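Comments concern the structure below.
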Amino acid sequence: MLDPQLFRSDLNEVKIQLDRRSYDFDTAAYEALESKRKAVQIKTQDLQNERNKSSKSIGQAKAKGENIQPLLDQVQHLGNQLKEAETELSQIQQKMTELMEAIPNFLDEVVPAGKDEDDNVEISRWGDLPEFSFEAKDHVDLGESKGLNFEVAAKIASARFAVLQGPLARLQRAIIQLMMDTHTLEHGYSETYVPFLVNADSLYGTGQLPKFESDLFKANNDPALYLIPTAEVPVTNIVRDVIVDAKEMPLKFVCHTPCFRSEAGAYGRDVRGMIRQHQFEKVELVQIVSEKKSVKAHEELTNHAENILKKLNLPYRKVLLCAGDTGFSSSKTYDLEVWLPGQGKYREISSCSHFKDFQARRMQARWRNPETGKPELVHTVNGSGLAAGRTLIAVMENYQDEQGRVHIPEVLKPYMGGIEIIE
RNA sequence: GGAGAGUUGGCCGAGCGGCUGAAGGCGCUCCCCUGCUAAGGGAGUAUGGGCUUUAUCUCCCAUCGAGGGUUCGAAUCCCUCACUCUCCGCCA
């Protein structure tokens, strides 16, 4: 949610900012609603004030034993008028909220213009692409004989699920362990375990609801619970409706969870393999920081994710998403894309976003700034560190040999119980 | 699943339908006193919104788990829901 004050004080700037997003904001409609809101709110509060004063004087008269009937008659007319005004006001406010919560975050000034992923800007590359003397296989072919099975998963559940067994299943667990250990021991994140089902308020807080309900799996509960699409949702909502003590800032959480996405808008994309699944494992990094430190925190968090790729010696590139590719709640997003020899392409393995106060305003997540003594909205920053399923794919494809075996990267060996090669 | 108790400010805790945005205590901040420490005295200490505004103060509205209702007036009465705790049952 954007700051409503800004809409009142500088609508022009709002329009300019939203144009960058190609978000068609109807300023005339907004202004009409806003002026109505102002008039009705003032009227309502005046009536409330009148009622409060009269009621108080009735109380005082009664205490003195005076006849209160004339006073009661005086207040008679107020009731209906007030009720009407209050109803109208709450309707207007609801409309206003609906309008505001559908508006995406402003883009950071450094975000390049552009329509889709083709317009993203490459920031850097790291690592040497592996050179094979044979034709590189993709993870589906490599996994076929090693316990990666899509048919069984389809039987058990449906398409877009995978079953992993044996050393390959262990490899994914090893990858997760490496990430958790690195982020807790070397990067200073606090290990966090959370519910995998969340309520609508939490999804609203991070921006998935109300706009993107179709991307979610909804459990048949009352009130509704949803499977988390990312640990970002439960973890960030830890600070919903909280005023964080300055001493505790910044908060840094790392959390491994499965993620569930219905991928409703992605039919036909990445149908082969486990690139795009309804369920996948991910390690998520979340930081709750003050406004002043958030830009730096975003850079650092992205580096923390990059460190995992470096440890695994996986070639990757860092990309700054363009206007059209930056998510609804984000003001600026870096994607990390890992090299997949099987596809001959870089593919997203992490997405690190800076939300500024957009999520915090929805969540009423604040901290007390010692300089002012006042509660101020926090800034939220998060990123995958990394998507474990895709990391597994990347390890398989980058560490394959001519016999179709997968070699275990050096850093993962301590977690593999003596396995060095998956045959 | 069954039975009971509860939800008030940063925390603890009071609160006959009107003078309670809320006693008292703790904590915190500032001041005084005391040659350190301790003890003592005084003042302050919720959040959101509106109006206005360069900005602030005053002012106005809302908020005592959430939502409805009764009433001129609700923290206080009624209804629904959520959550927490205790005991029993079940359970990894």
Side-chain angles (χ1 to χ4, degrees), chain A residues 1-11 13 30-31 33-101 193-205 219 221-226 234 237-249 251 258 357 359-378:
Chain A
M1 186 98 84
L2 292 163
D3 184 2
Q5 292 297 346
L6 191 63
F7 281 67
R8 289 175 205 159
S9 62
D10 198 351
L11 199 55
E13 174 67 14
Y30 168 83
E31 277 178 312
L33 188 60
E34 164 61 14
S35 70
K36 210 165 146 197
R37 185 229 101 221
K38 194 162 166 175
V40 175
Q41 181 160 359
I42 292 171
K43 182 176 149 203
T44 305
Q45 294 190 347
D46 281 349
L47 286 169
Q48 285 170 329
N49 181 221
E50 205 178 324
R51 178 206 59 200
N52 290 347
K53 278 186 185 157
S54 319
S55 296
K56 198 162 274 186
S57 61
I58 289 173
Q60 282 163 351
K62 208 173 167 189
K64 285 186 220 152
E66 292 169 8
N67 179 17
I68 58 169
Q69 195 53 47
L71 287 167
L72 283 177
D73 293 341
Q74 232 175 32
V75 181
Q76 272 291 307
H77 70 285
L78 262 177
N80 283 339
Q81 245 181 303
L82 182 57
K83 193 156 275 178
E84 231 171 82
E86 280 175 342
T87 306
E88 195 185 356
L89 180 61
S90 79
Q91 280 167 354
I92 291 171
Q93 279 172 334
Q94 198 188 326
K95 266 191 208 160
M96 191 61 109
T97 306
E98 280 167 18
L99 184 95
M100 293 298 289
E101 68 193 12
Y193 174 82
V194 293
F196 301 159
L197 286 155
V198 294
N199 58 35
D201 285 345
S202 295
L203 287 155
Y204 177 85
N221 279 64
D222 188 29
L225 290 173
Y226 299 80
N237 273 279
I238 288 171
V239 294
R240 170 152 55 89
D241 295 321
V242 170
I243 301 176
V244 181
D245 205 287
K247 290 195 289 274
E248 292 170 26
M249 298 279 281
L251 294 171
D357 61 12
Q359 292 181 326
R361 186 170 290 107
R362 288 174 161 245
M363 291 191 299
Q364 280 302 300
R366 293 164 294 170
W367 73 297
R368 195 174 294 278
N369 185 344
E371 284 173 28
T372 59
K374 296 269 183 242
E376 292 175 13
L377 292 171
V378 298

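Model, not experiment: these values are computed from the prediction. The sequence lines fix the lettering, A, B, ..., with proteins before strands; numbering per chain opens at 1.
The same atom, P, is picked in B/U70 and in B/U76; the two are 15 Å apart, to the nearest Å. Separation of the P atoms belonging to B/G17 and B/G4 is 26 Å when rounded to the nearest angstrom. Straight-line distance between the C1' atoms of B/A75 and B/C88: roughly 34 Å, to the nearest whole Å. Separation of the C1' atoms belonging to B/G10 and B/C64 is 16 Å when rounded to the nearest angstrom. Separation of the C1' atoms belonging to B/G6 and B/G13 is 14 Å when rounded to the nearest angstrom. Between B/G65 and B/C12, the distance separating the two P atoms is 14 Å to the nearest Å. Comparing the P positions of B/G68 and B/G44 gives a spacing of 36 Å, expressed to the nearest Å. Nucleotides B/G15 and B/G9 have their C1' atoms positioned 14 Å apart, rounded to a whole Å.
With rounding to the nearest 0.5 Å, the separation of CZ in A/Arg362 from CG in A/Leu377 is 13.0 Å.
For A/Gln45, taking side-chain heavy atoms from C-beta onward, the closest of the listed nucleotides B/C51, B/G18, B/C61 is B/C61. Taking every side-chain heavy atom of A/Lys62 into account, B/G18 is the closest of B/G18, B/A62, B/U47.
Taking each heavy atom of A/Val378 and A/Ala360 in turn, the nearest pair found is O-CB, 3.1 Å. Residue A/Trp367 comes nearest to A/Ile243 through the heavy atom pair C-CG2, 4.0 Å, listed as atom of the first residue, atom of the second, then distance. Annotation for A/Met363 and A/Val239: closest pair CE-CG2, 4.3 Å, computed over non-hydrogen atoms.
Across the protein-nucleic acid pair, A/Leu89 atom CG and B/G49 atom P stand 15 Å apart, rounded to whole Å. When rounded to the nearest whole Å, the span between CG of A/Asp245 and C1' of B/G10 equals 9 Å. As rounded to whole Å, 19 Å separates atom P of B/G49 from atom CD1 of A/Ile92. In this entry the distance linking CG of A/Leu47 with C1' of B/A62 reads 15 Å, nearest Å. Across the protein-nucleic acid pair, A/Lys247 atom NZ and B/C28 atom P stand 10 Å apart, rounded to whole Å. We find that CG of A/Asn199 is positioned 10 Å from P of B/C83, with the value rounded to whole Å. A straight line from NZ of A/Lys53 to C1' of B/C59 spans 10 Å, rounded to a whole angstrom. One atom, CD of A/Gln364, and another, C1' of B/U47, lie 9 Å apart when rounded to the nearest Å.
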>> Could you walk me through whether A/Val198 and A/Asn237 satisfy the side-chain contact (heavy atoms from CB on, under 4.5 Å) test, starting with their C-alpha distance in whole Å, then the side-chain angles of each, then the deciding distance to 0.1 Å, before giving a yes or no?
In response: CA-CA 10 Å; A/Val198 294; A/Asn237 273 279; over 6 Å; no

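Using a 4.0 Å heavy-atom distance criterion, A/Gln93 is classed as making no nucleic acid contact. Using a 4.0 Å heavy-atom cutoff across all strands shown, A/Ile42 reaches sugar-phosphate atoms only and no base atom.
At B/U47, none of the side-chain N or O atoms of A/Arg366 fall inside 4.0 Å of OP1 or OP2 (strictly under the cut-off). Considering only side-chain N and O atoms, A/Arg361 lies nowhere under 4.0 angstrom from the phosphate OP1 or OP2 of B/G48. Using a 4.0 Å cut-off, some side-chain N or O of A/Lys38 falls inside it from OP1 or OP2 of B/U52. Contact between the side-chain N/O atoms of A/Arg368 and the OP1/OP2 oxygens of B/U47 is found at a separation under 4.0 Å. Note on A/Asn49: every side-chain N or O is 4.0 Å or more away from OP1 and OP2 of B/C60. Phosphate proximity of B/C61 to A/Asn52: present, with a side-chain N or O under 4.0 Å from OP1 or OP2. The shortest distance between the side-chain N/O atoms of A/Arg51 and the OP1/OP2 oxygens of B/A62 is below 4.0 Å.
Each of A/Arg37 and A/Gln48 lies near RNA chain B, and the nucleotide nearest A/Arg37 is the one positioned closer to the 5' end. Heavy-atom distances to RNA chain B give each of A/Gln41 and A/Lys83 a nearest nucleotide, and the one nearer the 5′ end belongs to A/Gln41.
Side chain of A/Ser57 to backbone of A/Ser54: a donor-acceptor contact under 3.5 angstrom is found.
Ion pairing between a basic and an acidic side chain is recognised when a charged N comes within 4.0 Å of a carboxylate O; A/Glu86 and A/Lys83 show no such pairing.
With 3.5 Å as the limit, one finds no donor-acceptor pair spanning the side chains of A/Asn52 and A/Ser55.
Applying the 3.5 Å distance criterion, the base of B/G18 shares no donor-acceptor pair with the side chain of A/Lys56.
With a 3.5 Å limit on both pairing distances and Watson-Crick or G-U wobble geometry required, the stems of 3 or more pairs in RNA chain B span B:1-7 with B:82-88, B:10-12 with B:24-26, B:27-32 with B:40-45, B:46-50 with B:59-63, B:65-69 with B:77-81.
The side chain to side chain contact (heavy atoms under 4.5 Å, CB included) test with A/Arg361 singles out one residue from A/Met1, A/Arg366, A/Met100, and that residue is A/Met1.
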